[in-house]
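Have a look at the structure below, then the notes.
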Amino acid sequence: MSLKIYNTLSREKEEFKPITPGHVGMYVCGPTVYSDVHLGNCRTFISFDIIYRYLIYLGYKVRYVRNITDAGHLEGDRDEGDDKFSKIARLQQLEPMEIVQKYTLGFRHVMQLLNNLPPSIEPTATGHIAEQIEMTKQILKNGYGYEVNGTIYFDVEKYNKEQPYGILTNRKMEDLLEGTRELGGQDEKKGRLDFALWIKAKPEHLMQWPSPWGMGFPGWHIECSAMSEKYLGKKFDIHGGGMDLAATHHTNEIAQSQACYHTSPANYWMHTNMLTVNGTRMSKSLGNGFLPEELFTGNHPLLEKAYAPIVVRFFMLQTHYRSTLDFSNDALQASEKGLKRLWDAYETLNKFSMGNVQLASDPELDVKVNKLVNEFDEFMNDDFNTAKVLGNMFELVPVINSIKDGLIKTDAVSSATLTLLQAKFKAYLEDVFGLKNSSANNEKLGDVMELLIDIRKEAKTKKDFTTSDKIRNQLASIGINLKDEKGGEMSWDID
RNA sequence: GGUCCUGUAGCCGAGUGGCUAGGCAAAGCUCUGCAAAAGCUUCUACACCGGUUCGAAUCCGGUCGGGACCUCCA
């Protein structure tokens with residue numbers, strides 16, 4: 001069964017066919033680094049990290065490009081005034097590039113905590129000014145742009161006469177126009193939907209570069225067009241981002257590429273849904289965004305406790321990427337426990353020694369396990385349905401635990417099945433989903449626990465329950481759970 | 001107003017017309033020196049009203065509710 005991807009452009013799932021067999025080019029719109037990323041931003045990057053990892057799992061050689069927007073983003077998109085970096089820089093009396101540096105590092109740190117793989121290339125807008133100017137020149141040359149006082153605008157209405165501008169989100173020109181304000185007297189633009197490719201900078205503007213049209217800075221949309229073309233070519237496989245980018249940013253990217261190169265940039269447009277809080281979208285402008293930091297420390301009025309980054313990642317995997325996901329304390333708590341249960345079973349599974357069982361003594365169970373495991377790929381191939389894969393994994397947890405406890409005989413399933421189970425759990429939990437144990441511990445602690453377990457075992461053998469209980473209770477009070485297992489063994493974990 | 005998405009058991013959530021995902025919570029039982037963990041069992045839901053169909057949570061129409069986008073935002 002082949003991979004199917006929901007394409008925003010066609011509004012249906014399509015079979016994935018890469019342009020170059022065996023290779024995938026994927027571009028994802030990254031963060032604008034003028035402030036901390038919030039959890040909603042993180043959701044998108046986690047979703048695409050899973051997609052990236054799964055494509056690698058399938059054997060593709062993937063070039064994953066995710067930009068850092070560090071210039072040009074305007075306040076209010078009125079094509080006037082400061083860009084966001086200059087504004088914050090003035091406020092904090094810093095160089096714009098100090099702002100950029102600070103939040104870029106912060107972003108990468110959070111990505112790492114969430115166990116996202118770094119993209120293959122992470123290009124910045126300021127590093128590609130020349131490319132953006134070139135592209136603007138070409139668009140002008142092709143007749144889709146016009147200059148007004150040193151600012152270059154994209155002529156949307158002209159473009160729309162030749163091809164549908166609102167193709168990505170299925171909107172008609174008239175409807176789009178209805179939703180926009182009238183042009184005021186001081187507006188330079190010809191059309192209400194026109195957007196800036198290059199913006200003339202005022203003298204006091206902190207970030208500006210020379211161009212054929214004077215000093216200025218690039219418009220927001222042109223950077224992604226220029227950088228995706230540079231690293232992935234005029235036409236590549238997947239272009240992704242949050243759903244909020246589809247109507248404006250991605251629509252404009254398509255128009256720019258068409259106007260410049262006469263081709264739509266990507267074959268598959270993927271959009272991840274929003275993270276909500278109490279049913280409302282988490283966003284910077286609404287100020288209801290959770291910072292990862294607040295979550296990891298529990299320092300937020302809506303949170304009862306801190307949650308490990310990996311719990312947050314797991315929480316997001318339980319929902320399909322195209323559904324909205326509501327963020328709540330209860331939901332996170334459920335995820336925390338669920339991940340622990342799943343991971344405990346995974347560690348148990350890894351300790352199984354493979355016998356040499358040719359024939360399963362419980363063929364029915366053997367068939368069931370094979371079916372559940374083989375469905376992992378099937379579900380992922382169906383537009384990356386991580387939630388369903390996890391559902392199957394949880395169905396396998398009782399099987400694993402029962403084998404451990406001797407409730408299911410070791411020869412119930414064949415060695416081949418058990419080997420497959422082990423391999424797929426590893427491949428999915430670690431490689432594709434990028435999960436790990438939520439409770440961090442270190443080797444020294446492990447050694448100490450060995451010692452305590454030894455002492456407790458001795459005490460129990462002597463029926464010295466005062467001592468054995470003391471060890472267990474005191475450990476419990478510092479958050480370490482000691483559990484007796486069948487056969488006298490003991491295991492432990494941290495809350 | 002336009003373009004879409006959505007309404008699933010206490011909570012979170014998956015869901016391809018027929019085979020009742022899964023997690024968390026709750027209850028009972030088993031195991032156990034006691035506990036925890038684990039296992040087993042129970043709680044069997046699809047906003048409402050029509051329609052199509054042998055059969056609908058799933059398709060169609062309508063009603064009501066929620067949300068996103070159309071302004072910067074992943």
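Below, all heavy atoms of this structure are taken into account, side chains as well, without hydrogens, waters or symmetry copies. In the text below, chain A, chain B and the rest are named by the order of the sequence lines, each starting its count at 1.
For the side chain to side chain donor-acceptor pair (under 3.5 Å) with Ser335(A), the qualifying choice from Arg313(A), Gln318(A), Lys340(A) is Gln318(A), the only one to do so. With respect to Leu9(A), the side-chain contact (heavy atoms from CB on, under 4.5 Å) criterion is satisfied by exactly one of Thr169(A), Leu168(A), Asn170(A): Leu168(A).
Nucleotide rU71(B) holds its C1' atom 13 Å from the CG atom of Asp244(A), rounded to whole Å. One atom, NE2 of His271(A), and another, P of rU3(B), lie 19 Å apart when rounded to the nearest Å. In this structure, the CD1 atom of Ile199(A) is 12 Å from the C1' atom of rC72(B), given to the nearest Å. Look at CG on Leu177(A): it is 14 Å from C1' on rU3(B), rounded to the nearest Å. What separates CD of Glu122(A) from P of rA74(B) is a distance of 14 Å, to the nearest Å. Summarising the geometry, the separation between NE2 on His250(A) and P on rC70(B) is reported as 13 Å, rounded to the nearest angstrom. For the pair Phe314(A) CZ and rG22(B) P, the interatomic distance rounds to 14 Å; values are reported in whole Å. Here the P atom of nucleotide rC70(B) and the CG atom of Asn160(A) are 18 Å apart, to the nearest Å.
Under the Watson-Crick or G-U wobble criterion, with both distances below 3.5 Å, rC29(B) is paired with rG39(B). Nucleotide rG10(B) forms a Watson-Crick or G-U wobble pair with rC24(B), both donor-acceptor distances falling under 3.5 Å. Base pairing analysis places rG17(B) opposite nothing; no Watson-Crick or G-U wobble pair with both distances below 3.5 Å involves it. Base-pair partner of rC59(B): rG51(B) (Watson-Crick or G-U wobble, both distances under 3.5 Å). Pair check for rG1(B) finds rC70(B); Watson-Crick or G-U wobble, both atom distances under 3.5 Å.
One cannot find a donor-acceptor pair under 3.5 Å joining the base of rC11(B) and the side-chain atoms of Asp326(A). In this model, a side-chain donor or acceptor of Asp469(A) finds a partner on the base of rG33(B) within 3.5 Å. Put simply, the side chain of Arg472(A) and the base of rA36(B) share no donor and acceptor less than 3.5 Å apart.
Between rA25(B) and Lys337(A), a contact under 4.0 Å exists linking OP1 or OP2 to a side-chain N or O. Residue Asn401(A) places at least one side-chain N or O closer than 4.0 Å to OP1 or OP2 of rG39(B). Between Asn170(A) and the phosphate of rC4(B), there is a side-chain N or O to OP1/OP2 separation shorter than 4.0 Å. Under 4.0 angstrom from either OP1 or OP2 of rC5(B) there lies no side-chain N or O belonging to Ser323(A). Between Asn385(A) and rG15(B) there is a side-chain polar atom (N or O) within less than 4.0 angstrom of OP1 or OP2.
In this structure, the nucleotide among rA36(B), rC70(B), rA14(B) sitting nearest to the side chain of Lys388(A) is rA14(B). Here rA38(B) is the nucleotide among rA35(B), rA38(B), rG33(B) with the atom lying nearest to any side-chain atom of Arg341(A). Side-chain proximity of Ala331(A) to the nucleotides rC12(B), rC70(B), rG22(B) is greatest for rC12(B). Here the side chain of Phe394(A) is nearest to one of rG22(B), rA74(B), rC11(B), namely rG22(B). Listed nucleotides rG22(B), rA14(B), rC72(B) differ in distance to Glu395(A); the shortest reach to its side chain belongs to rG22(B). Out of rG39(B), rA74(B), rC11(B), the shortest distance to the side chain of Asp330(A) is found at rC11(B). Looking at the side chain of Leu275(A), the nearest of the listed nucleotides rA74(B), rA38(B), rU3(B) is rA74(B). The Phe45(A) side chain lies nearest to rA74(B) when the options are rC72(B), rA74(B), rA21(B). Among the nucleotides rA74(B), rA68(B), rG39(B), the one closest to any side-chain atom of Thr280(A) is rA68(B). In this structure, of rG22(B), rA74(B), rG23(B), it is rG23(B) that holds the atom nearest to the side chain of Ala334(A).
Between the side chains of Tyr321(A) and Asp383(A), at least one donor-acceptor pair of N or O atoms lies under 3.5 Å. For the residue pair Tyr428(A) and Asp377(A), a side-chain donor N or O sits within less than 3.5 Å of a side-chain acceptor on the partner. Side chains of Asn381(A) and Tyr54(A): a donor-acceptor N/O pair is present below 3.5 angstrom, by distance only. Using modelled atom types and a 3.5 Å distance limit, the side chains of Arg43(A) and Asn273(A) yield no donor-acceptor pair.
Within the 4.0 angstrom heavy-atom criterion, only backbone atoms of the sugar-phosphate kind lie near Ala247(A); the bases stay farther away. Within the nucleic acid shown, Met274(A) comes within 4.0 Å of at least one base atom, counting heavy atoms only. Counting non-hydrogen atoms under 4.0 angstrom, Met282(A) reaches a base of the nucleic acid. Base engagement by Ser283(A) is indicated by at least one non-hydrogen atom pair under 4.0 Å involving a base atom. At a threshold of 4.0 angstrom between heavy atoms, the contacts of Asn473(A) with the nucleic acid are absent. Nucleic acid contact for Gly240(A): none, since no nucleic acid atom lies under 4.0 Å from a heavy atom of the residue. Leu342(A) comes within 4.0 angstrom of nothing in the nucleic acid, heavy atoms only.
Map Pro31(A) and His320(A) each onto its nearest nucleotide of RNA chain B; the residue landing nearer the 5' end is His320(A). Remark on RNA chain B: of its neighbouring residues Lys340(A) and Gly241(A), the 5'-side contact belongs to Lys340(A), judged by nearest-heavy-atom nucleotide.
Comparing rA9(B) with rA14(B), their C1' atoms are spaced 14 Å from each other, to the whole Å. Across the C1' atoms, rA35(B) and rU30(B) are found 15 Å apart, a figure rounded to whole Å. Atom P of rC64(B) sits at a distance of 40 Å from the matching atom of rA26(B), rounded to the whole Å. Separating the C1' atom of rC5(B) from that of rU41(B) is a span of 39 Å, rounded to the nearest Å. Comparing rC54(B) with rG66(B), their C1' atoms are spaced 36 Å from each other, to the whole Å. Comparing the P positions of rG55(B) and rU44(B) gives a spacing of 25 Å, expressed to the nearest Å. Separation of the P atoms belonging to rG39(B) and rG7(B) is 31 Å when rounded to the nearest angstrom. Between rG15(B) and rC46(B), the two C1' atoms lie 11 Å apart (nearest whole Å).
Enclosure of atom NE2 in His109(A) is not indicated, since only 12 or fewer non-hydrogen atoms of other residues, nucleotides or ligands lie within 6.0 angstrom.
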| query | Would Asp469(A) and Arg472(A) satisfy salt bridge (Lys or Arg N to Asp or Glu O under 4.0 Å), going step by step from the backbone distance to the final call? | reply | CA-CA 5 Å; Asp469(A) 283 354; Arg472(A) 191 176 61 196; 3.6 Å; yes
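Using cut-offs of 30° and 60° for the angle between ring planes, the Tyr268(A) and Phe16(A) rings count as tilted.
The cationic atom of Arg66(A) (NZ for Lys, CZ for Arg) lies less than 6.0 Å from the six-membered ring centre of Phe45(A) and within 45° of the ring axis.
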